[in-house]
Amino acid sequence: MTDPKIYKPRAVTGFPEWLPEVRRIEQQWMDHIRKVFESYGFCSIETPSIEELDVLRAKGEVDKEIYVLERLHKDDNDKSDARLALHFDQTVPLARYVAQHFNELDFPFKRYQMQRVWRGERPQAGRFREFYQCDIDVIGVDNVPLHFDSELAAIMVDILRGLDIGPFQMQISNRKILIGLCEGLGISNIAPVTRAIDKIEKIGAEGTRQLLSEAHLPAQIIETLISFAQIKTENESFVEKVLALGVSSPTLAEGIAELASVMARLTHIERGYVVADLSIVRGLDYYTGTVYETKLLENRDFGSICSGGRYDDLAGSYINKHLPGVGISIGLSRLFDYMRINGKLGDLTRKSPTDILVCLPSDENRNAAAEVAKILRDRGLNVELYHSGQKIKKQMEYAVRKGIPFVWFPPFDVGQPHEVKNMKTGTQSTADPKTWMIGKNS
RNA sequence: GCGGCUGUAGCUCAGCUGGUAGAGCCCUCGGUUGUGGUCCGAGUGGUCGUGGGUUCGAGCCCCAUCAGUCGCCCCA
């Protein structure tokens, strides 16, 4: 007999997977997020992991990131020329979905979507090739009221505060402001300017100044842009600071008015969670108005954990309607992994959902023990029946290792009472399976 | 796609100027009769990422390759 070749098991980098105790927390997070989304009346949809490549490519140059899908043995007779690919976000599939089901949906269409997406990039800390995003978007016909831009921010702050992730801050801006500013300054090539401005938080004013000078802009304009990029206020007071720059254009005025309105509707949020920050631009070029980014305050360089923005007519490539929208997404995997690596996920001792392990005194008692398990289970508890009549010591060790909080001892002999042991405190007491409850004194 | 760093037991690592591998944790069993977490004892486990080269001899040196990781680009 030859030894079978053993391949060292390893998950593909950038495609995360968790142990049961971690996955358990991840599911709690998802439950929480789902609950808040629904509390605001957003409905759930799910779209296939796959779209036709042409659908995904309809917006912008994202080719590098797209994973295509094909059968190992392609059928030469296959006449279909559609190439399939994994979606890299949920906004583009949403656009296709809305266009396709236009007549069956109610507008403004408010939906949430929590799925994995795929991007062919170099994995790094907080950066995966397969990861969960939790999106909410509002799509309207011809227009979407601006108050949704505020509501989405409020929803996300609501969710993030509930996740116990430590201090964070959402930064909001409006693309029209920077675009308008550039117009007013007579800058025609906006791309390098936006990139330089967007980076100021990371590379500092000096770094941005350096990048701008490489774009061959006059020194005075550079200083105006630097001053602009440093405007950051907790309310609408950013307006006067922009006006003080002494630049004006119709687009600029429009953007200022919009952002001021959005900020004005967020005053009910506790101070510090939301700021107007004019350095926020974001790369995705389909954003046309409001843009959001959210950073963990203890590590701003980690990157945004929740971002999005407003777009004008996303589904225009798929339907002859004008369908603007606004959306925002939590980078669940990124955020979750950060908390995992930093030991901030909470209780990781429980490796299963089991509340109670019913001990099996001996194999002959199996039916009686199973009956007890059923009684407890019917009362809403998660109950596991030990799988064999091994020594009690073994059964206890099993409970400890899986982090099961209670062990139930059915009577070892007729006439004796049931007993339940709290594994954390070590106390053990008699109990009735029909009435026992998890509580302080159990 | 471009740069820097790393690659020894399941995990974290040690291995001095080259002489054919170690620790801790984990895991398994035991410390007798119906109960864990501590302690004690014993044990399993590595062709030192892979392929070449130098050498009497390489985990340690050289080359290549693969993988991981960090930074850039970009982004959740």
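Keep in mind it's a predicted model, so treat the numbers as computed, not measured. Residue numbers begin at 1 in each chain, while the letters A, B, ... track the order of the sequences.
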Rounded off to whole Å, could you give me the [atom1]-to-[atom2] distance for the [X] and [N] pair?
X      : N     : atom1 : atom2 : value
A:L296 : B:A76 : CG    : C1'   : 12 Å
A:Y398 : B:G37 : OH    : P     : 18 Å
A:R119 : B:C73 : CZ    : P     : 17 Å
A:Y287 : B:C75 : OH    : C1'   : 10 Å
A:L19  : B:G10 : CG    : P     : 16 Å
A:D198 : B:C75 : CG    : P     : 8 Å
A:M30  : B:A76 : CE    : C1'   : 13 Å
A:F88  : B:A76 : CZ    : P     : 10 Å

Any donor-acceptor pair under 3.5 Å from [X] side chain to [Y] backbone:
X      : Y      : answer
A:R350 : A:T354 : yes
A:S49  : A:L86  : no
A:R195 : A:I190 : no
A:E258 : A:G289 : no

Using atom [atom1] in both nucleotides, what's the gap between [N] and [M] to the nearest angstrom?
N     : M     : atom1 : answer
B:C26 : B:U32 : C1'   : 27 Å
B:C5  : B:G43 : P     : 43 Å
B:U50 : B:U12 : C1'   : 24 Å
B:U17 : B:C73 : C1'   : 44 Å
B:U44 : B:A9  : C1'   : 11 Å
B:C48 : B:A21 : C1'   : 8 Å
B:G15 : B:G24 : C1'   : 15 Å
B:G7  : B:G51 : C1'   : 15 Å

side-chain contact (heavy atoms from CB on, under 4.5 Å), paired with A:L94, selected from A:T47, A:D89, A:I139: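 For A:L94, the side-chain contact (heavy atoms from CB on, under 4.5 Å) check succeeds only for A:I139.
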
Electrostatic pair A:E298-A:K344, nearest N-O below 4.0 angstrom: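 Answer for the salt bridge query: yes.
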
Electrostatic pair A:E206-A:R209, nearest N-O below 4.0 angstrom: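 Result for this pair is yes, salt bridge flagged.
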
Can you tell me if NE2 on A:H216 sees more than 12 non-hydrogen neighbours from other groups inside 6.0 Å?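 Not buried by this count: 12 neighbours or fewer within 6.0 Å.
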
Determine, answering yes or no, if A:F128 is stacked on B:A76 under the 5.5 Å centre rule and the 30° plane rule.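 No, A:F128 does not stack on the base of B:A76, since the centre distance and plane angle fail the 5.5 Å and 30° test.
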
When every nucleotide of nucleotides 28-36 of chain B is labelled 5' to 3' by its protein contacts under 4.0 Å (heavy atoms), B for base, S for sugar-phosphate only, - for none, what sequence of letters results? SSS---BBB

Pairs counted only when both distances fall under 3.5 Å, Watson-Crick or G-U: show me the 5' to 3' dot-bracket for RNA chain B, [ ] for pseudoknotted crossings and | for other-strand partners. (((((((..((((........)))).(((((.......))))).....(((((.......))))))))))))....

Within the 6.0 Å centroid threshold, strictly below: A:Y112 and A:F42: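 No - the distance between ring centres of A:Y112 and A:F42 does not fall below the 6.0 Å cut-off.
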
Can the ring centroids of A:F128 and A:W118 be said to lie less than 6.0 angstrom from one another?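 Centroid separation for A:F128 and A:W118: 6.0 Å or greater.
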
Fit a plane to each ring of A:F168 and A:Y273, take the angle between them on a 0 to 90° scale, and name the class: parallel (under 30°), tilted (30 to 60°) or perpendicular (over 60°).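 The arrangement is tilted - the two ring planes meet at 30° to 60°.
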
Categorize [X] for me: base, sugar-phosphate, or nothing, with a 4.0 angstrom heavy-atom threshold over every strand shown.
X      : value
A:G126 : base
A:S329 : nothing
A:R116 : nothing

For nucleotides 67-72 of chain B, print each protein N/O atom paired with a nucleotide N/O atom at under 3.5 Å, atom names and distance only.
| residue | atom | partner | partner atom | Å |
| --- | --- | --- | --- | --- |
| B:A67 | O2' | A:R10 | NH1 | 3.4 |
| B:G68 | OP1 | A:T13 | OG1 | 2.1 |
| B:G68 | O5' | A:T13 | OG1 | 3.3 |
| B:C70 | OP1 | A:A125 | N | 3.4 |
| B:C70 | OP2 | A:A125 | N | 3.4 |
| B:G71 | OP2 | A:Q124 | OE1 | 3.0 |
| B:G71 | N7 | A:Q124 | NE2 | 3.4 |

Derivation of the side chain to side chain contact (heavy atoms under 4.5 Å, CB included) call for A:M30 and A:Y132: CA-CA 10 Å; A:M30 288 176 144; A:Y132 279 106; 3.4 Å; yes

Give me the atom names and distance for the closest heavy-atom approach of A:I280 to A:S173.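 The pair with the smallest heavy-atom distance is O-CB, 3.5 Å.
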
